[in-house]
Participant: 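Here it is, the structure in full.
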Amino acid sequence: MKTPRHFLEFRDFSSAELDYLFERTRWIKNEFKSYRQYWPLVDRTLVMIFEKASTRTRLSFEAGMQQLGGSAIYLNTRDSQLGRGEPVEDAAKVMSRMSDIVMIRTFEQDIVERFAANSRVPVINGLTNEYHPCQILADIYTFIEHRGDIRGKTVAWIGDSNNVCNTWLQAAEVFGFKVNVSTPPGYEVEPDRAGIHGTHFEAFADPMGAARDADLVTTDVWTSMGFEAENEERKRDFAEWQVDADMMKVAKPWALFMHCLPAHRGEEVAAEVIDGAQSVVWDEAENRLHTQKALMEFLLLGKVKI
């Protein structure tokens, strides 16, 4: 039996493979927008396992699989044996015999890695505490749509060094761009999580310094899922790390603003920024659908010639 490819971290794919995915995304999105049916995954089944709540991840994967001609099954760990102590390894062996591809949105990265190690089918990381590779697929594709190749550009990450930040750092290594990261004291990047090397990463104590001359400014909520007990403390700690109009002014004039959503206006981002002309958050959200369709097609069919 052929060993399946998985997408558990952004660096699981080469830059050439990701370039191919982005080209497929462009084609698939154009077919969708032109109301042309494209069903390469007829009779294929996606199982979606959720331990963390979701809006965009569930909708984009479920709709995406249906738009490719397949079907999607939603499983919540509260309603399955996984939530009652069934070993991840056992669940993987069973589920991968009944489906063609699996997406998991959970807490520890170790869970998706253990599942993938015991799966006969491709496994996709829909989000873990450590990484969010599907989000950065959509973010980079959105940048390409608006500004072209991201190689050699500068991305400013403002706020918590969370799973999205870690994945941006991996992407910078793969594609050769720079990430300026500014976090409050005590929330700095963990190098062993991000796998950072050389000139692709720089830390800034001052968020304005991180944003200066950036091609893209991006952020996320101050309190990620699983850290709700720290919410009030984080609001105090992050008060100076809001992306506002003054911060966008020090970035390049053509800089874009991104946020993976949901957003808290008045906290990590000012309303005038997320609702302003430089914001591409709605394109970014939609592109989760199209990049993930290209991803599932690639994992199941390999490179497709049209």
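In this text the structure is predicted, and so the values were computed from the model without any measurement.
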Participant: With sequence neighbours left out, what residues match S161 under side-chain contact (heavy atoms from CB on, under 4.5 Å)?
Facilitator: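 Result, side-chain contact (heavy atoms from CB on, under 4.5 Å) vs S161: C165, T183, V189.
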Participant: Decide if the gap between the ring center of F32 and the ring center of H290 is smaller than 6.0 angstrom.
Facilitator: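 Yes: the rings meet the under 6.0 Å criterion.
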Participant: Rounded at 0.5 Å granularity, tell me how far CD in E284 sits from CD1 in I140.
Facilitator: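 One finds 11.0 Å between CD of E284 and CD1 of I140.
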Participant: Would a 4.5 Å heavy-atom cut-off, applied to side chains only, mark I104 and F115 as touching?
Facilitator: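 They are in contact (side-chain heavy atoms under 4.5 Å apart), so the answer is yes.
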Participant: Tell me whether L301 shares a hydrophobic cluster with L137, the cluster being built from Ile, Leu, Val, Met, Phe, Trp, Tyr side chains joined at under 4.5 Å.
Facilitator: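 In one cluster: yes.
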Participant: Quickly, which of Y131, W157, Y187, W222 forms a side chain to side chain contact (heavy atoms under 4.5 Å, CB included) with N162? Name it, please.
Facilitator: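 Answer to the side chain to side chain contact (heavy atoms under 4.5 Å, CB included) test with N162 among Y131, W157, Y187, W222: W157.
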Participant: Whether the D283 and T142 side chains hold a donor-acceptor pair (N or O, under 3.5 Å, no angle test) is what I'd like checked.
Facilitator: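 The answer is no; no qualifying pair exists.
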Participant: Pair E268, H259 - check side chain to side chain donor-acceptor pair (under 3.5 Å), show working.
Facilitator: CA-CA 10 Å; E268 73 274 5; H259 191 304; 2.7 Å; yes
Participant: Is the positively charged end of K153 above the ring of F143, judged by distance under 6.0 angstrom from the centroid and angle within 45° of the axis?
Facilitator: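 Relative to the ring axis of F143, which defines the angle, K153 lies outside at least one limit.
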Participant: Residues two or more places apart in sequence or in another chain: which of them pass side-chain contact (heavy atoms from CB on, under 4.5 Å) with T55?
Facilitator: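 For T55, no residue satisfies side-chain contact (heavy atoms from CB on, under 4.5 Å) once neighbours in sequence are set aside.
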Participant: Under the salt bridge (Lys or Arg N to Asp or Glu O under 4.0 Å) rule, collect the residues that match up with E202, sequence neighbours excluded.
Facilitator: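 Once residues adjacent in sequence are excluded, the partners of E202 under the salt bridge (Lys or Arg N to Asp or Glu O under 4.0 Å) criterion are K178.
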Participant: Step by step, work out the salt bridge (charged side-chain N to carboxylate O under 4.0 Å, His left out) result for D19 and R24.
Facilitator: CA-CA 9 Å; D19 284 336; R24 289 300 299 153; over 6 Å; no
Participant: Just jot down the salt bridge (Lys or Arg N to Asp or Glu O under 4.0 Å) partners of D215, sequence neighbours excluded, or say none.
Facilitator: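 Counting only residues at least two positions away or on another chain, D215 forms a salt bridge (Lys or Arg N to Asp or Glu O under 4.0 Å) with K252.
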Participant: Any Lys/Arg nitrogen of E51 or R105 sitting under 4.0 Å from an Asp/Glu carboxylate oxygen of the other?
Facilitator: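 Answer for the salt bridge query: no.
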Participant: Taking only residues two or more places apart in sequence, or in another chain, which ones meet E108 in a side chain to side chain donor-acceptor pair (under 3.5 Å)?
Facilitator: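 E108: no side chain to side chain donor-acceptor pair (under 3.5 Å) contacts found.
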Participant: Measure the spacing between CD of Q67 and CD of Q37 and express it to the nearest 0.5 Å.
Facilitator: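 Atom-to-atom, Q67:CD and Q37:CD are 11.0 Å apart.
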Participant: Do F22 and L299 belong to the same hydrophobic cluster, where Ile, Leu, Val, Met, Phe, Trp and Tyr are linked whenever their side-chain heavy atoms lie under 4.5 Å apart, directly or via other members?
Facilitator: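 In one cluster: yes.
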Participant: Could you pull out all donor-acceptor pairs under 3.5 Å where a side-chain atom in residues 91-98 meets a protein atom, sequence neighbours excluded?
Facilitator:
unit_1: S96; atom_1: OG; unit_2: A92; atom_2: O; d: 2.7
unit_1: S96; atom_1: OG; unit_2: R120; atom_2: N; d: 3.1

Participant: With heavy-atom distances below 4.5 Å as the criterion, would you say the side chains of T218 and F257 are in contact?
Facilitator: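 The answer is no, as the side chains (C-beta and beyond) never meet within the 4.5 Å cut-off.
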Participant: Excluding sequence neighbours, so at least two apart, what forms side chain to side chain donor-acceptor pair (under 3.5 Å) with Q278?
Facilitator: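 Not a single residue meets the side chain to side chain donor-acceptor pair (under 3.5 Å) criterion with Q278.
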Participant: Kindly indicate, with the supporting measurements, whether the criterion side-chain contact (heavy atoms from CB on, under 4.5 Å) is fulfilled by K293 and T25.
Facilitator: CA-CA 7 Å; K293 285 192 283 188; T25 298; over 6 Å; no
Participant: Minimum heavy-atom separation for M248 to A255, with atom names?
Facilitator: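 Minimum heavy-atom contact is CE-O, 4.2 Å.
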Participant: Sequence neighbours left out, what passes side chain to side chain donor-acceptor pair (under 3.5 Å) with K33? Give chain and number order.
Facilitator: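 In terms of side chain to side chain donor-acceptor pair (under 3.5 Å), with neighbours along the sequence ignored, K33 is linked to E286.
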Participant: Quick one: does F204's side chain get under 4.5 Å of V181's, heavy atoms only?
Facilitator: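 No - every pair of side-chain heavy atoms lies 4.5 Å or more apart.
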Participant: Salt bridge check: are D12 and R5 linked by an N-O gap of less than 4.0 Å?
Facilitator: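 Not counted as a salt bridge, because no side-chain N and carboxylate O are separated by less than 4.0 Å.
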Participant: Calculate, to the nearest 0.5 Å, the distance between atoms CD1 and CE belonging to I73 and M48 respectively.
Facilitator: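 I73 CD1 to M48 CE: 9.0 Å, rounded to 0.5 Å.
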Participant: Using 0.5 Å steps for rounding, measure from the CD atom of E62 to the OG atom of S71.
Facilitator: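 The OG atom of S71 is 10.0 Å from CD of E62, to the nearest 0.5 Å.
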Participant: List the steps, then state whether side-chain contact (heavy atoms from CB on, under 4.5 Å) holds for M65 with R44.
Facilitator: CA-CA 9 Å; M65 192 60 172; R44 302 295 183 101; 3.6 Å; yes
Participant: Transitively linked via ILVMFWY side-chain contacts under 4.5 Å: V102 with V88?
Facilitator: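 Yes, it is one cluster - the side chains of V102 and V88 are joined through contacts under 4.5 Å.
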Participant: Considering only heavy atoms from C-beta outward, does the side chain of S182 approach that of W241 to under 4.5 Å?
Facilitator: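 Touching, per the 4.5 Å side-chain cut-off.
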Participant: Could you check if a side-chain atom of T77 sits within less than 4.5 angstrom of a side-chain atom of I49, using non-hydrogen atoms only?
Facilitator: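 Counting from C-beta outward, T77 and I49 do come under 4.5 Å.
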Participant: Of all the heavy-atom pairs spanning C134 and R288, show the shortest one and how long it is.
Facilitator: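 In this case the closest contact between C134 and R288 is O-CD, 3.8 Å.
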Participant: If every non-hydrogen atom of D100 is compared with every non-hydrogen atom of L300, which pair is closest and at what distance?
Facilitator: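 Here D100 and L300 meet closest at O-CD2, 3.3 Å.
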Participant: Not counting sequence neighbours, which residues clear salt bridge (Lys or Arg N to Asp or Glu O under 4.0 Å) with E272? List them please.
Facilitator: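 Listed in chain order: nothing, the list is empty.
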Participant: Does F61 reach the side chain of T57, with side-chain heavy atoms less than 4.5 Å apart?
Facilitator: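 In contact.
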Participant: Is it true that L289 and V304 fall in one hydrophobic cluster, defined by side-chain heavy atoms closer than 4.5 Å?
Facilitator: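 Hydrophobic grouping puts L289 apart from V304.
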Participant: After noting the C-alpha distance and the side-chain angles of L261 and I274, does the key distance pass the side-chain contact (heavy atoms from CB on, under 4.5 Å) rule?
Facilitator: CA-CA 10 Å; L261 303 177; I274 194 170; 4.1 Å; yes
Participant: Looking at CZ of R11 and CG of L169, how far apart are the two atoms once the value is rounded to the nearest 0.5 Å?
Facilitator: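 Answer for the CZ-CG pair, R11 versus L169, is 10.5 Å.
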Participant: Could you check if a side-chain atom of V174 sits within less than 4.5 angstrom of a side-chain atom of Q170, using non-hydrogen atoms only?
Facilitator: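 Contact flag for V174/Q170 side chains = no.
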Participant: Do the side chains of K52 and N129 get nearer than 4.5 Å, heavy atoms only?
Facilitator: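 Answer yes - side chains close enough.
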Participant: Step through the shown structure and confirm whether more than 12 heavy atoms of other residues, nucleotides or ligands are within 6.0 Å of CG on D206.
Facilitator: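 Enclosed: over 12 neighbouring heavy atoms sit under 6.0 Å from CG of D206.
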Participant: When the ring centroid of W168 is compared with that of F10, is the distance short of 6.0 Å?
Facilitator: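 Centroid separation for W168 and F10: 6.0 Å or greater.
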Participant: Looking at residues at least two apart in the chain, or sitting in another chain, which of them share a side-chain contact (heavy atoms from CB on, under 4.5 Å) with D244?
Facilitator: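 Expected list: Q242, D246, M247, A270.
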Participant: How close do A210 and I158 get, heavy atom to heavy atom, and via which atoms?
Facilitator: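 Heavy-atom minimum between the residues: CB-CD1, 3.9 Å.
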Participant: Working to the nearest 0.5 angstrom, can you tell me the gap between Y38 OH and E31 CD?
Facilitator: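 Reported to 0.5 Å precision, the distance equals 9.0 Å.
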Participant: What residues form a side chain to side chain donor-acceptor pair (under 3.5 Å) with E267, not counting sequence neighbours?
Facilitator: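 In terms of side chain to side chain donor-acceptor pair (under 3.5 Å), with neighbours along the sequence ignored, E267 is linked to no residue.
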Participant: Should the pair R26-E145 be classified as a salt bridge under the 4.0 Å nitrogen-to-oxygen rule?
Facilitator: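 Judged by the 4.0 Å cut-off on N to carboxylate O distance, R26 and E145 do not form a salt bridge.
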Participant: Would you call the rings of F298 and F13 parallel, tilted or perpendicular, taking 30° and 60° as the class edges?
Facilitator: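 Ring orientation, 0 to 90° scale: perpendicular.
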Participant: Please step through side-chain contact (heavy atoms from CB on, under 4.5 Å) for the pair H132 and N125, ending with a clear verdict.
Facilitator: CA-CA 7 Å; H132 198 355; N125 177 358; 5.9 Å; no
Participant: Of all heavy-atom pairs between D139 and M258, which one has the smallest distance, and what is that distance?
Facilitator: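 Scanning both residues completely, I find the closest heavy atoms to be O-CE, 3.3 Å.
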Participant: Applying salt bridge (Lys or Arg N to Asp or Glu O under 4.0 Å), name anything that partners D110, two or more places apart in sequence or on another chain.
Facilitator: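 So D110 forms a salt bridge (Lys or Arg N to Asp or Glu O under 4.0 Å) with R114.
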Participant: Could you report the tightest heavy-atom contact between P133 and L8, atom names first, then the distance?
Facilitator: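 P133 and L8 have their closest heavy atoms at CG-O, 3.9 Å.
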Participant: In this structure, would L295 and L41 fall into the same cluster of hydrophobic residues linked by side-chain contacts under 4.5 Å?
Facilitator: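 Result: yes, single cluster for both.
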